[in-house]
Each structure stands twice: as C-alpha cells, then as structure tokens.
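Step one of this worksheet: look at the structure below.
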Number of protein chains: 2
Amino acid sequence: MQDRIECCEEHCVHPEILEHVKLEMPNEEALYDLAELFKVFGDTTRIRILYVLFESEMCVCDIAELLNMSQSAISHQLRVLKQAKLVGNRREGKTIYYFLADDHVRTIIGQGMEHIEE
Amino acid sequence: MQDRIECCEEHCVHPEILEHVKLEMPNEEALYDLAELFKVFGDTTRIRILYVLFESEMCVCDIAELLNMSQSAISHQLRVLKQAKLVGNRREGKTIYYFLADDHVRTIIGQGMEHIEE
DNA sequence: ATTACATATGAACAGATGATCATATGTTTG
DNA sequence: CAAACATATGATCATCTGTTCATATGTAAT
C-alpha cells in the first residue's frame, strides 16, 4: 500500500504503478482456480460438512443424519469437496469414510470466522 | 480427529460422538455468515479486485481499466466487497478511493493460494 | 446554472448452482 | 447369485449470480 493512483484512465499520474500492479498479478489460471476454491467454501452445506469433519472422520450417512439432509445431497457435495481436494476418503467394506484433506481448511475457515466475528 | 463413527444411522456405535459434534457446531447464523463471506471470495472478478488493492488503494475507473472491465461491473462488485467489509473507501473530490479493509483478506487469500499450489 | 466527470444503481437476461428424485454401482452376506 | 446395504450419479427444476445497458447521483469547474 504505497502511493495511490490518480484518476482517471489516461489521466493516471502513476502509469508505472499500474504497470507494476499488472506485473504483480498472478496469472489468469491461478486466479480462476483460487475463485473456484473459495466457491467451494461458499455454501452452507459444504461448510457444515467441513465443520463436522473437524471432529472426526465420518461416513456419508452419518453426515447426512447429523446435518439432517438426504444422502444424495451430501454425496453430491462431498464430490465437490473431494474435487477441490479439501476432503479425502477411504473405503472400508461397504462404508466410505471421509476426512479433512489438509490443514489449510482449518486455517481458511478459522480466518473467515475471525473476520465475521468482528 | 479422534474415533471415527460407525455406519449407519441407527447402527452408530458412538452416538455420544454424534451428540458431541452437534454441540460443537457453531450456530446456524454464524455458518450462514461464513458461507456468505466465502461466496464473496468465490468470484474471479472480486478476487482480481482484491489482488489489485494489495498494491495500492485505487479509484473505480483505475480498477476497471486494470481489469479491462466496465465501470459499472466493477462498481457493482465493489459494493459486494464493501458489504462484506473486505474493502473500505473514502471520497476525495469526485474520486472515490477503495482500499483493503483488514488483514484477514491477505491471510485468507494467501492460504487459498497455498492450497491450490500443491 | 450548466457542463463535465466519477461513481452508483435498477432492470433484465443468460448462465451457474444446489436439492430432489430415480436409478446405478459396488460391496458384503446368506 | 440374490438380497441388502452404502454410496454415487444423471436429469430436472427453481433459485441465485454477474454482466450489460440505461440512467441517476454527487462533485467540481467554468
């Protein structure tokens, strides 16, 4: 957060900063992936699933019961969470256990909580 | 992440853990607000705006030019970012400068980046 | 006051999203 | 292998989202 940029377009007093900002921007693909990742967090059902998995790994129908939702709805959302690599799973007989994939999940949700608690 | 829960519903071997998880869950309103917050991060345009503001506060039309988008589109999105308290603004004559509101933005985006870079 | 400039806002429309329902897949047991 | 169980998946539909377009608001200068 240095100098600010004067308005407007062709009147910008600091074109070198505009240029600098452009260079600092991550590439389009990374920004797209980042937005996609946050979209995954941007749904109450998925947030609740992640919270439930904070406590213990669990099978699909347990999550469904805890959240009072259909098995199908949970399964669809677990798929989304898995594609985003936020959860992993392992099979044990008929049952498939889901668990949190890594600690970024906790950090990200924790920071989000801090923000809304202000 | 302690004991796992056995399947299914009425067959759960650890009903006390199910009960424990229910008690640990934040209230519905907090979860809703949290999802709403992440929804705001879940859009490429808004992510790009936040990234641009990492470097320097900026006026609307500068952002619009940097992102190569219409003034209206940027203005609509800045409104969303402001409602989520992710950005603030101040007026200086005709111009309105937008800036990042707090450091949670950097932390959250930073963690998100770490996650997708794996 | 009139004009120009910077920004905001409302309506509208296309595209994305999430739950439901019906059904399919994969596993174990008898 | 047939039945039961746990989970996954595809289609459908109502709802939500983001951009555009036209226009409104607010400020400064002449």
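All values reported here derive from a predicted model rather than from experimental measurement. The sequence lines fix the lettering, A, B, ..., with proteins before strands; numbering per chain opens at 1.
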Practice prompt. Please step through side chain to side chain contact (heavy atoms under 4.5 Å, CB included) for the pair B:Lys85 and A:Ile116, ending with a clear verdict.
Written response: CA-CA 9 Å; B:Lys85 296 182 181 167; A:Ile116 65 172; over 6 Å; no
Worksheet item: Under 4.0 Å between a side-chain N/O of B:Gln77 and OP1 or OP2 of D:dT17, yes or no?
Response: no
Item to complete: Calculate the interatomic distance between B:Met69 atom CE and D:dT17 atom C1'; express it in whole Å.
Response: 13 Å
Worksheet entry | B:Leu78 versus B:Val87, closest heavy-atom pair with distance | O-CG2, 4.1 Å
Fill in: Lys NZ or Arg CZ of A:Arg91 over A:Tyr97 ring: under 6.0 Å, within 45°
no
Item to complete: Step by step, work out the side chain to side chain contact (heavy atoms under 4.5 Å, CB included) result for B:Tyr51 and A:Leu31.
Response: CA-CA 9 Å; B:Tyr51 255 106; A:Leu31 291 173; 3.5 Å; yes
Worksheet item: Do the side-chain N or O atoms of B:Arg79 get closer than 4.0 angstrom to the phosphate oxygens (OP1, OP2) of C:dT9?
Response: yes
Practice prompt. Sugar-phosphate atoms are those with a prime plus P, OP1 and OP2; base atoms are the rest. Using that split, label each nucleotide of nucleotides 23-30 of chain C B, S or - for protein heavy atoms under 4.0 Å, 5' to 3'.
Written response: ---SBS--
Worksheet item: Would you call B:Glu24-B:Lys22 a salt bridge at under 4.0 Å N-O?
Response: no
Practice prompt. Evaluate the side-chain proximity of B:Val52 to B:Asp62: yes if any heavy-atom separation is below 4.5 Å, no if none is.
Written response: no
Discussion item. Counting only heavy atoms and a strict 4.0 angstrom limit, can you tell me which residues of residues 32-47 of chain A come near DNA chain D?
Written reply: none
Discussion item. Under the criterion of centre distance below 5.5 Å and interplanar angle below 30°, is B:His76 classified as stacked on the base of D:dT19?
Written reply: no
Fill in: From A:Asp102 atom CG to B:Glu118 atom CD, the distance as rounded to the nearest 0.5 Å
5.0 Å
Worksheet item: Do B:Phe99 and B:Leu53 touch side chain to side chain, with heavy atoms closer than 4.5 Å?
Response: no
Response to the item:
Taking D:dT20, C:dT20, D:dA8 as options, the one with an atom nearest any side-chain atom of A:Ser75 is D:dA8
Worksheet entry | Atom pair CD (B:Gln77) and CD1 (B:Ile49), whose distance is rounded to the nearest 0.5 Å | 6.0 Å
Worksheet item: Between C:dT7 atom P and B:Glu65 atom CD, what is the distance in whole Å?
Response: 12 Å
Worksheet item: Quick one: A:Leu81 CG to C:dG18 P, roughly how many Å, whole number?
Response: 11 Å
Under 3.5 Å, side-chain donor or acceptor atoms of residues 40-47 of chain B against the rest of the protein: list the pairs with distances, not counting sequence neighbours.
from: B:Asp43; atom 1: OD2; to: B:Thr45; atom 2: N; distance (Å): 3.0
from: B:Asp43; atom 1: OD2; to: B:Arg46; atom 2: N; distance (Å): 3.1
from: B:Arg46; atom 1: NE; to: B:Val40; atom 2: O; distance (Å): 2.7
from: B:Arg46; atom 1: NH2; to: B:Lys39; atom 2: O; distance (Å): 3.1

Discussion item. Suppose we call a contact any N or O donor and acceptor under 3.5 Å apart; does that hold for the side chain of A:Ser72 and the base of C:dC21?
Written reply: yes
Fill in: Distance in angstrom units between A:Ile49 CD1 and C:dG18 P, rounded
11 Å
Worksheet item: Quick one: B:Asn89 CG to C:dA8 C1', roughly how many Å, whole number?
Response: 11 Å
Fill in: Whole angstrom value for the distance that separates C1' of C:dA8 from CD1 of B:Ile63
14 Å
Discussion item. Whether A:Tyr98 contacts D:dA6 is assessed here as follows: a side-chain N or O lying under 4.0 Å from the phosphate OP1 or OP2. Is that the case?
Written reply: no
Discussion item. If I take atom CG in residue A:Asn68 and atom C1' in nucleotide C:dA19, what distance separates them, rounded to the nearest angstrom?
Written reply: 14 Å
Worksheet entry | Phosphate contact (C:dT20 OP1 or OP2) by A:Ser70 side-chain N/O below 4.0 Å | yes
Worksheet item: The side chain of A:Ala73 lies closest to which of these nucleotides: C:dT20, D:dA8, C:dA8?
Response: C:dT20
Practice prompt. For A:Ile74 and C:dG18, give me the distance from atom CD1 to atom P, rounded to whole Å.
Written response: 13 Å
